[in-house]
Amino acid sequence: MRIERYERPDNLAKAAHLVLDEGGYPLAGAVWSGIGARRIPLAVDLSRLDLDYIADRGDCIEIGAMTTARQLETSALLEAVYDGLFRSATGHIAGVQLRNIVTVGGSVAGKYGFSDLDTLLLALGAQLLFYGGGVMSMEGFLAAPRTEAFLLLALRLPKGVKASYQSLRISANDFPALNACAAREEGG
């Protein structure tokens, strides 16, 4: 990866301007960005925006876009609300070192077919929150073509959902050959 201009804004308005108006490429954990000989005219590092959190919002759990897979795996809040589901789904992602870098926002924005996390979030009915107030379902986001720049801030998960996640891998830390998640809400 070759970055020609690097910015590390410390507020959302500046980050949004760089991404939405100047066409900057948002860097979260940047795990998959470095694959290949890619040229990035403007890279926008999102690490100073306080988007790495997991919070109880009463009727839902909100997860910031810069939250890592490791934070999901070890969160006491997620463990209590979802009964080990996040630990089960993220515990096989490549290794602890990579789980400390991979972010929720990068995984979701990349729409990777091998994503354990995307499968889980889809089954749970995640809602994505974007800069500017936009909200979209995970299902709608995955189905929509990429036409415009966006800045993903967080996602919201409903409480009261029971689910199970399973994956099939050739070896423990491979990408899944198959993954599945089934969920049931309190109402049915």
Side-chain angles (χ1 to χ4, degrees), residues 1-36 38-78 81-82 86 90 93 96-112 115 117-118 120-122 124-142 144-159:
M1 167 174 50
R2 180 175 171 218
I3 296 174
E4 295 178 3
R5 178 178 157 209
Y6 173 83
E7 296 283 342
R8 192 174 178 208
D10 59 5
N11 67 71
L12 280 173
K14 177 69 173 175
H17 169 73
L18 292 167
V19 172
L20 303 175
D21 300 329
E22 292 192 35
Y25 181 85
L27 293 179
V31 171
W32 311 116
S33 305
I35 297 173
R38 175 184 217 165
R39 179 184 153 271
I40 298 176
L42 171 57
V44 183
D45 182 339
L46 305 177
S47 64
R48 297 170 98 185
L49 302 178
D50 296 323
L51 296 175
D52 59 334
Y53 62 89
I54 301 169
D56 188 334
R57 299 288 190 229
D59 62 338
C60 69
I61 299 297
E62 187 171 295
I63 301 172
M66 289 295 291
T67 303
T68 66
R70 182 70 173 155
Q71 288 172 290
L72 297 176
E73 178 186 14
T74 61
S75 167
L77 176 58
L78 293 178
V81 173
Y82 297 103
F86 280 85
T90 58
I93 296 175
V96 173
Q97 296 88 343
L98 200 60
R99 291 194 300 275
N100 277 321
I101 300 170
V102 169
T103 63
V104 171
S107 294
V108 169
K111 298 183 179 184
Y112 302 114
S115 175
L117 189 55
D118 286 0
L120 173 61
L121 296 174
L122 183 62
L124 291 178
Q127 294 289 310
L128 309 181
L129 286 69
F130 297 93
Y131 184 84
V135 177
M136 180 182 265
S137 71
M138 182 71 176
E139 181 177 10
F141 178 77
L142 291 175
R146 293 183 192 178
T147 56
E148 298 178 14
F150 61 89
L151 183 56
L152 179 63
L153 302 179
L155 55 90
R156 289 191 181 135
L157 301 172
K159 289 182 173 178

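Listed by chain and number, the residues in a side-chain hydrogen bond (donor to acceptor under 3.5 Å, both in side chains) with Asp59 amount to none (sequence neighbours excluded). Checked against side-chain hydrogen bond (donor to acceptor under 3.5 Å, both in side chains), Glu148 has no partners two or more places apart in sequence or in another chain. Residues that satisfy the salt bridge (Lys or Arg N to Asp or Glu O under 4.0 Å) test with Lys159, not counting sequence neighbours, are Asp56. For Arg8, the salt bridge (Lys or Arg N to Asp or Glu O under 4.0 Å) partners at least two apart in sequence or on another chain are Asp45. In this structure Glu139 satisfies the salt bridge (Lys or Arg N to Asp or Glu O under 4.0 Å) test with no other residue, sequence neighbours excluded. By the side-chain hydrogen bond (donor to acceptor under 3.5 Å, both in side chains) test, Arg57 pairs with Glu62, sequence neighbours left out.
Using the six-membered ring where Trp is involved, Phe141 and Phe150 have ring planes that are perpendicular, over 60° apart on the 30 and 60° scheme.
Between Thr90 and Ala69 the shortest heavy-atom distance is OG1-O, 3.8 Å. The shortest non-hydrogen separation linking Leu49 to Ala15 is CD1-CB, 3.7 Å. The nearest pair of heavy atoms linking Arg48 to Pro9 is CB-O, 3.5 Å. Nearest heavy-atom pair across Gly110 and Arg146 is O-NH2, 2.8 Å. Considering every non-hydrogen atom in both Pro158 and Gly125, the closest pair reads CD-O, 3.9 Å. In terms of heavy atoms, Leu152 sits closest to Ala65 at O-CB, 3.4 Å.
Put simply, CG on Leu151 and CG on Leu18 are 10.0 Å apart, with the number rounded to the nearest 0.5 Å. Taking CD1 of Ile61 as the reference point, atom OG of Ser75 lies at 8.0 Å (rounded to 0.5 Å). Atom OG1 of Thr67 sits about 10.5 Å away from atom CG of Leu117, to the nearest 0.5 Å. Here the CG atom belonging to Leu129 is positioned 4.0 Å from the CZ atom belonging to Arg156, to the nearest 0.5 angstrom. Here the CE atom belonging to Met136 is positioned 10.0 Å from the CD atom belonging to Gln127, to the nearest 0.5 angstrom. Note that CG of Leu77 is 12.5 Å distant from OH of Tyr53, once rounded to the nearest 0.5 Å.
Of the possible donor and acceptor atoms, none in the side chain of Lys111 sits under 3.5 Å from a partner among the backbone N and O of Asp118. Between the side chain of Arg39 and the backbone N or O of Glu4, no donor-acceptor pair lies under 3.5 Å. The backbone N or O of Ile101 lies less than 3.5 Å from no partner atom in the side chain of Thr68, so there is not a single donor-acceptor pair.
Between Arg5 and Glu22, some side-chain heavy-atom pair lies under the 4.5 Å cut-off. Two residues are said to be in side-chain contact when any heavy atoms from C-beta on lie closer than 4.5 Å; Glu7 and Leu42 meet this criterion. Taking 4.5 Å as the limit, some side-chain heavy atom of Asp52 sits within range of a side-chain heavy atom of Gln71. Inter-residue side-chain proximity for Leu157 and Tyr82 is flagged as met; some heavy-atom pair is nearer than 4.5 Å. For the pair Leu27/Ile3, a side-chain contact is recorded, criterion being any heavy-atom separation below 4.5 Å from C-beta on. Using a 4.5 Å cut-off on side-chain heavy atoms (C-beta onward), Leu12 and Leu153 make contact. With contacts defined as side-chain heavy-atom distances shorter than 4.5 Å, the pair Leu51/Thr103 does not qualify.
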